[in-house]
Amino acid sequence: MKEFALILCLLVHLSTALNERPIIGVLTQELTDEIEENYGSEYDSYVAASYIKHLESAGSRVVPIWTKQTREYYDYIVNSVNGILIPGGAAPFNATDGYAAAAWELYKLAKQKNDAGVYFPVWGTCLGFELLAVLSADQYDLRSYCEIQNEALPLIFKEDYKNGRMYKDAPQELLDVMKNENVTINFHHWCITEKDLADGNVSDQWHVLSYNKFNGTEFVSSYEHTKYPFYGVQFHPEKNT
């Protein structure tokens, strides 16, 4: 009887304990032809496992954010999670009800959340990084074509990169590795240049922190929004593990 009482007390305690691990929503996206060939046409969206493992290894809990949903659904999501990750992939930006359309609703809601005084970060990786710039330009596709596949590069930091939030508190040992070693892996068909940001009239919205050069093209590799806690990298940090 005493053992039962102890177990009951433990269960009550666990049910009322506060879980302080943040919940991060990861946006799904349409299947590519290759994924559909491998997994079948009964699915219409996916999240790469590498993003889930990347977030969980940092202590986060993760939930998917489905595409093709209502504005009310995305409002519910933004009010139920602690931040959003927009992953890389190969989804189109011109679809009216997929990855980019869902990101547009989330982007607007995230700005509203921050404007209301609630800290709500958004992170974009690779395609998600590019999409953040496009969304900030009211969905104008300002990207440049720059095919780079399976290339690991060191970052070229801007002189004022330590004035930004992303790298300000990073250990110098880590920054030295990122500066001097081929540790940022690139898989992308498109990129964002500083000229692209200027042509899209959004240069004032983004603090460029680093860039890279490849085959004669100089492209932005990391930036952060000047007003909101929105961050993006062109490379894939989740692939290092």
Side-chain angles (χ1 to χ4, degrees), residues 24 26-27 51 54-55 58 83-89 91 93 99-100 103-104 106-108 110-111 113-115 119-146 148 151-171 174-179 183-214 217-240:
I24 304 300
V26 180
L27 183 60
Y51 292 99
H54 181 62
L55 289 168
I84 290 171
L85 187 151
I86 305 176
F93 283 5
Y99 169 85
W104 176 236
L106 294 166
Y107 185 83
K108 292 184 290 184
K111 288 172 65 176
K113 191 89 168 175
N114 282 286
D115 286 339
Y119 180 79
F120 192 85
V122 177
W123 178 278
T125 294
C126 197
L127 190 71
F129 160 89
E130 299 161 20
L131 185 53
L132 283 176
V134 170
L135 296 176
S136 72
D138 292 329
Q139 303 183 83
Y140 168 67
D141 196 343
L142 45 71
R143 296 176 295 171
S144 294
Y145 182 76
C146 55
I148 303 177
E151 289 289 341
L153 303 168
L155 296 184
I156 305 172
F157 286 108
K158 302 283 279 188
E159 287 187 7
D160 66 343
Y161 81 103
K162 276 294 198 75
N163 294 335
R165 303 179 300 273
M166 187 186 297
Y167 300 112
K168 181 177 66 174
D169 297 319
L174 174 61
L175 294 173
D176 289 341
V177 169
M178 298 180 78
K179 286 179 184 179
V183 294
T184 65
I185 189 70
N186 290 263
F187 290 89
H188 49 92
H189 304 293
W190 301 90
C191 61
I192 303 290
T193 68
E194 293 197 67
K195 183 178 183 301
D196 293 333
L197 296 175
D199 290 345
N201 295 315
V202 294
S203 291
D204 61 332
Q205 293 189 44
W206 296 101
H207 179 193
V208 174
L209 303 170
S210 69
Y211 62 97
N212 278 111
K213 295 179 180 179
F214 186 79
T217 300
E218 183 177 299
F219 61 92
V220 178
S221 52
S222 62
Y223 56 26
E224 61 189 23
H225 201 278
T226 55
K227 179 179 179 181
Y228 299 107
F230 301 164
Y231 306 87
V233 294
Q234 182 68 79
F235 55 94
H236 284 269
E238 81 284 353
K239 292 193 180 295
N240 288 78

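Counting begins at 1 with the first residue of the sequence.
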Checklist entry - Does Asp196 use its side chain to pair, donor to acceptor, with the backbone of Thr193 at less than 3.5 Å? => result yes

Next on the checklist: Angle between ring planes, Tyr228 versus Phe230, binned at 30° and 60°: parallel, tilted or perpendicular?
Outcome noted: parallel

Next on the checklist: Quick check: closest heavy atoms across Val202 and Leu142, and the distance to 0.1 Å?
Outcome noted: CG2-CD2, 4.0 Å

Checklist entry - Of all heavy-atom pairs between Glu218 and Lys213, which one has the smallest distance, and what is that distance? => result OE1-CE, 3.1 Å

Next on the checklist: So, taking the atom named CG in Asn212 and the one named OG1 in Thr217, what distance separates them when rounded to the nearest 0.5 Å?
Outcome noted: 11.5 Å

Next on the checklist: Quick test of your reading of the model: are Asp115 and Lys111 salt-bridged, counting only N-O distances below 4.0 Å?
Outcome noted: no

Item to check | Trp206 side, atom CH2; His225 side, atom NE2 - distance, nearest 0.5 Å | outcome: 5.0 Å

Checklist entry - Tell me, do Tyr161 and Leu155 make a side-chain contact under 4.5 Å, heavy atoms counted? => result no

Checklist entry - Can you tell me how far SG of Cys126 sits from NZ of Lys239, rounded to the nearest 0.5 angstrom? => result 9.0 Å

Checklist entry - To the nearest 0.5 Å, how far apart are NZ in Lys108 and CG in Asp138? => result 9.5 Å

Next on the checklist: Within the structure provided, determine whether Ile86 and Leu106 are in side-chain contact (heavy-atom separation under 4.5 Å).
Outcome noted: no

Checklist entry - What distance separates Gln234 CD from Ile192 CD1, expressed to the nearest 0.5 Å? => result 7.5 Å

Item to check | Test item: Val220 and Cys191 side chains (from C-beta on) under 4.5 Å apart, heavy atoms | outcome: no

Checklist entry - Ignoring hydrogens and geometry, is there a side-chain-to-backbone donor-acceptor pair from Thr226 to His207 under 3.5 Å? => result no

Item to check | Validation row: Glu151, Phe235 side chains within 4.5 angstrom (heavy atoms) | outcome: no

Next on the checklist: Quick check against the 3.5 Å criterion: does Asn114 have a side-chain atom that pairs as donor or acceptor with the backbone of Pro229?
Outcome noted: no

Checklist outcome for this item: Between Ala103 and Leu135 the two heavy atoms that sit nearest each other are O-CD1, 3.7 Å

Next on the checklist: So for atom NZ, which belongs to Lys179, do other residues, nucleotides or ligands contribute more than 12 heavy atoms lying within a distance under 6.0 Å?
Outcome noted: yes

Next on the checklist: Could you report the tightest heavy-atom contact between Leu132 and Trp123, atom names first, then the distance?
Outcome noted: CD1-C, 4.5 Å

Checklist entry - Do Phe219 and Asn186 have side chains that get closer than 4.5 Å, going by heavy atoms? => result yes

Item to check | Pair His188 + Phe129: ring centers closer than 6.0 Å | outcome: no

Checklist entry - Judged by atom type as modelled, is there a donor-acceptor pair below 3.5 Å linking the side chain of Asp160 to the main-chain atoms of Lys158? => result no

Item to check | Residue from Leu55, Thr125, Ile185 passing side chain to side chain contact (heavy atoms under 4.5 Å, CB included) with Glu238 | outcome: Thr125

Item to check | Main-chain N/O of Leu153 paired with Thr184 side-chain donor or acceptor, under 3.5 Å | outcome: yes

Checklist entry - Considering only heavy atoms from C-beta outward, does the side chain of Leu127 approach that of Trp190 to under 4.5 Å? => result no

Next on the checklist: Any carboxylate oxygen within less than 4.0 angstrom of a Lys/Arg side-chain nitrogen, looking at Arg143 and Asp141?
Outcome noted: yes

Checklist entry - For Tyr167 and Ser222, what are the C-alpha separation, side-chain angles and deciding distance, and is it a side-chain hydrogen bond (donor to acceptor under 3.5 Å, both in side chains)? => result CA-CA 10 Å; Tyr167 300 112; Ser222 62; 3.0 Å; yes

Next on the checklist: Walk me through whether Tyr140 and Asn201 qualify under side chain to side chain contact (heavy atoms under 4.5 Å, CB included).
Outcome noted: CA-CA 10 Å; Tyr140 168 67; Asn201 295 315; over 6 Å; no

Next on the checklist: Is there a side chain to side chain contact (heavy atoms under 4.5 Å, CB included) between Phe157 and Met178? Walk through the geometry before answering.
Outcome noted: CA-CA 9 Å; Phe157 286 108; Met178 298 180 78; 4.3 Å; yes

Item to check | Reported CH2-to-CD distance for the pair Trp104 and Gln139, which is rounded to 0.5 angstrom | outcome: 5.0 Å

